[in-house]
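First up is the structure itself, then whatever we jot down about it.
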Amino acid sequence: MTKGHVFVTMGDLLNLKSDAWLLPVDRRASPGTRWTKSLPGLADAIDAEDLRSFRNESSFAHALHAWPAGSSIPVLTAVPMTGITEADELLPRFRAFLEVATAAVSERRRTSADPVRRPVLATPFFGTGHGGGNIYRGAILKVLLKEAYRHAGEADVDIVFVFQDPPAFALAQQQRREWDGAWAALTSSLLAKANELGQIARAGRLVPFMGAGISISAGAPTWSQLLDRLAGAASLSEPEKKALEELSNLDQAAVLRSYFEEKFAGASDTRFGLTVSEAVNMKQYGLAPSLLACLPSSGAITLNYDTLFEKASKDAGSPRTVIPGEKPDDTTAATHKWLLKLHGSIDKPETIVLTRDDYLGYSATREALSALVKAHLITHHLLFVGFGLADDHFHEIIHDVRRALPAQEAGGRFGSALMLKRDAMQEKLWGKHLNLIDMEDASSFESGTAAQARRLEIFLDALIAHASDSHAFLLAPHYSDGLTNEESALREALLEVAAISARGPASSTTSVINRMLRDLGWDGSAPSS
């Protein structure tokens with residue numbers, strides 16, 4: 001069994017799918033109003049627990065075992081009542097969370113139907129809010145990351161830090177890039193490829209192109225599972241289901257739509273679209289959408305109907321305008337980011353593209369949109385994630401993009417495809433056009449689809465870390481104790497520049513300097529060290 005891994009992402013703890021998560025509370029086991037408003041049953045669940053040892057501080061963490069099955073387990077974790085004087089004071093409390101959460105998940109999984117997938121523990125930036133450690137953020141981050149890596153290395157769990165503070169996210173990525181073994185689950189070859197793609201992303205040239213595979217970790221169905229659900233809703237008999245399986249996916253969908261027409265006369269299209277929407281309407285996103293939402297990319301493309309990537313992007317502070325059908329609002333317009341949903345969306349069931357007729361009609365009616373996308377992609381590097389190379393839809397996309405490339409580039413590679421398995425025949429077919437990066441590892445004790453899917457998530461985690469080019473922690477308040485000596489000296493010099501700029505008359509030069517300082521985390525207040 002390989003060791004657990006520590007992931008870092010931006011997002012909302014309550015929207016990320018996990019097995020257990022850290023709920024910060026005071027010694028009386030009282031969470032903040034944010035948590036009780038978001039989780040209506042939380043207060044009652046806490047009241048039903050015996051928390052005497054927690055309240056007398058003989059224990060620092062307590063799992064809500066009665067929390068509904070199928071939902072991530074909240075683990076009450078006590079923050080210091082009187083604040084802290086150094087970061088290490090949080091260590092016993094964070095360690096208690098990791099140990100209690102691991103035990104609670106292990107207990108629940110003894111009766112689970114899915115014991116194969118490695119458990120995921122999620123945590124916010126613990127101890128930096130009302131816990132009194134706000135002024136020690138840089139040092140606290142080092143302590144928490146170090147402890148998380150230690151625990152993940154000893155226990156059979158993965159741990160994900162879910163930040164909402166860009167400086168913390170940026171500093172965490174820098175610290176991990178400097179640590180040996182931060183991505184020990186990846187071979188040196190895979191890590192080098194993640195780094196290479198990360199550099200392309202830093203330059204703003206990497207465009208994620210997402211297929212159904214990125215939503216599976218959140219519980220979304222595969223193509224075959226979706227068709228099975230449609231067959232059940234249409235009340236097909238067992239012989240009819242077996243006959244249906246002889247057809248291609250596109251033709252299966254077309255036949256199922258005809259069954260809906262017979263069963264729901266006058267409302268077949270509505271019922272068909274709603275059934276698809278219900279099947280793929282996941283409330284929480286998994287690691288893959290969350291990590292991809294952190295890419296510094298203005299554009300993104302998906303064939304998925306769900307809204308997981310949109311939700312993850314919004315939670316990461318980078319909301320996207322959805323094309324087609326949306327006009328940028330104040331928040332999405334500010335980011336200049338967009339998401340093209342080529343095959344429709346569950347919030348508009350009538351737009352879903354599923355049958356062969358849908359695809360043919362799509363090609364005919366959206367030519368202008370396709371041309372716009374192809375023009376954009378000529379100057380970018382596509383990152384295909386969540387696709388199978390045998391998928392007809394994938395072939396169509398590759399064909400269109402190749403046609404859009406200038407003649408002198410037609411024989412070159414215009415993208416990379418992250419694949420679970422190595423396939424020599426697919427390499428022969430696609431190797432001239434795509435970098436095929438598979439997640440197989442002959443040296444690992446873990447094999448099979450689940451292990452490869454997890455390795456892909458770790459690959460994305462490494463890619464995002466190497467793509468992070470933000471240094472917003474450098475001048476941000478309360479991060480100075482996480483800096484190196486060289487960074488500390490640079491911080492002092494830049495704060496002097498900020499002070500001089502603030503005293504001088506406003507000019508075009510001042511605005512340029514202030515913009516640079518804000519990019520480095522300066523909040524515009526009176527500079528101080």
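Every value quoted in this text rests on a predicted model; they were computed, and no experiment measured them.
Inter-residue side-chain proximity for Pro319 and Lys337 is flagged as unmet; no heavy-atom pair is nearer than 4.5 Å. Put simply, the side chain of Lys421 does not reach to within 4.5 Å of the side chain of Asp438, judged on heavy atoms. Residues His381 and Asn435 are in side-chain contact: their nearest non-hydrogen atoms beyond the backbone lie under 4.5 Å apart. Looking only at side-chain heavy atoms (C-beta outward), Ile301 and Leu339 stay at 4.5 Å or farther from each other. For the pair Phe414/His433, a side-chain contact is recorded, criterion being any heavy-atom separation below 4.5 Å from C-beta on. When side chains are defined from C-beta on, Gln452 counts as touching Arg455, because their heavy atoms get closer than 4.5 Å. A 4.5 Å side-chain heavy-atom check between Ile437 and Phe459 finds at least one atom pair inside the cut-off. Annotation: side chain of Val143 is in contact with side chain of Asp88 (closest heavy-atom distance under 4.5 Å).
The distance from atom CG of Leu418 to atom CG of Leu436, rounded to the nearest 0.5 Å, is 10.0 Å. Atom NZ of Lys146 is separated from atom CH2 of Trp179 by 8.5 Å, given to the nearest 0.5 angstrom. Going from atom CG of Leu383 over to atom CG of Leu295 covers 7.0 Å, rounded to the nearest 0.5 Å. Distance check, rounded to the nearest 0.5 Å: CG of Leu145 to CZ of Phe94 gives 8.0 Å. Atoms CZ and CD1, on Phe387 and Ile214 in that order, are 9.0 Å from each other to the nearest 0.5 Å. Between Leu463 atom CG and Leu190 atom CG the span is 11.5 Å, to the nearest 0.5 Å.
Across all their heavy atoms, Ala61 and Val75 have their closest contact at CB-CG1, 4.2 Å. Across all their heavy atoms, Ala472 and Ala170 have their closest contact at N-CB, 4.5 Å. In plain terms, the two heavy atoms of Ser416 and Leu434 that are nearest each other are N-CD2, 4.1 Å. When all heavy atoms are compared, the tightest approach of Ala218 to Gly286 is CB-N, 3.8 Å. Ala462 approaches Leu191 most closely through the heavy-atom pair CB-CD1, 3.9 Å. For Met210 against Ala300, the heavy-atom pair with the smallest separation is CE-CB, 4.1 Å.
With salt bridges taken as basic N to acidic carboxylate O contacts below 4.0 Å, one links Arg34 and Asp12. In this structure, Arg93 pairs ionically with Glu57, as a charged nitrogen and a carboxylate oxygen lie closer than 4.0 Å. Under the 4.0 Å criterion applied to side-chain N and carboxylate O atoms, Asp165 and Arg137 are assigned as salt-bridge partners. The pair Glu154-Arg150 meets the salt-bridge criterion, with a side-chain N (NZ, NE, NH1 or NH2) lying under 4.0 Å from an Asp/Glu carboxylate O.
The stretch residues 20-40 participates, sequence neighbours left out, in these ring pair (Phe, Tyr, Trp, His ring centres under 6.0 Å) pairs: Trp21-Trp35. Each side-chain hydrogen bond (donor to acceptor under 3.5 Å, both in side chains) pair with one or both residues in residues 456-475, not counting sequence neighbours, appears once here: His5-Asp461, Arg176-Asp461, Trp183-Asp461, Arg202-Asp469.
Using modelled atom types, no side-chain atom of Asn304 and backbone atom of Asp306 make a donor-acceptor pair closer than 3.5 Å. Checked by atom type and distance alone, the side chain of Gln284 pairs as donor or acceptor with a backbone atom of Leu14 at under 3.5 Å. Side-chain N or O atoms of Thr102 include one that pairs as donor or acceptor with a backbone N or O of Leu98 at under 3.5 Å. In terms of modelled atom types and a separation under 3.5 Å, the side chain of Trp67 and the main chain of Ser72 share a donor-acceptor contact. Side-chain atoms of Tyr149 come within 3.5 Å of backbone atoms of Ala182 as a donor-acceptor pair (strictly under, hydrogens ignored). For Ser58 (side chain) and Ser53 (main-chain N/O), a donor-acceptor pair under 3.5 Å exists by modelled atom type. Using a distance-only test at 3.5 Å, with no hydrogens or angles considered, no donor-acceptor pair links the side chain of Gln175 to the main chain of Ala172. Panel note: side chain Arg118, backbone Asp158; no donor-acceptor pair is recorded below 3.5 Å. A donor-acceptor pair under 3.5 Å links the side-chain atoms of Thr484 to the main chain of Glu487, judged by distance alone. Arg55 contributes no side-chain N or O that, together with a main-chain N or O of Ala29, makes up a donor-acceptor pair within less than 3.5 Å.
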- Derivation of the side-chain contact (heavy atoms from CB on, under 4.5 Å) call for Leu42 and Leu23: CA-CA 11 Å; Leu42 179 61; Leu23 172 58; 3.9 Å; yes
- Task: Begin with the C-alpha distance, continue with both residues' side-chain angles, and end with the deciding distance and a verdict on side-chain contact (heavy atoms from CB on, under 4.5 Å) for Leu197 and Leu206.
- Result: CA-CA 8 Å; Leu197 287 171; Leu206 195 66; 4.1 Å; yes
- Message: With side-chain contact (heavy atoms from CB on, under 4.5 Å) as the criterion, how do Ile464 and Thr9 come out once you've worked through the C-alpha distance, each side chain's angles and the decisive distance to 0.1 Å?
- Response: CA-CA 9 Å; Ile464 301 305; Thr9 190; over 6 Å; no
- Message: Between Arg95 and Phe60, does the side-chain contact (heavy atoms from CB on, under 4.5 Å) criterion hold? Intermediate values first, please.
- Response: CA-CA 9 Å; Arg95 181 174 293 163; Phe60 291 132; over 6 Å; no
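Heavy atoms from other residues, nucleotides or ligands lying under 6.0 Å from CD of Glu99 number more than 12.
Each of Phe473, Phe163, Tyr136 was compared with Leu141 under the side-chain contact (heavy atoms from CB on, under 4.5 Å) criterion, and only Phe163 meets it. With Phe309 as the partner, the side-chain contact (heavy atoms from CB on, under 4.5 Å) test is satisfied by one option alone out of Lys314, Arg320, Lys341: Arg320.
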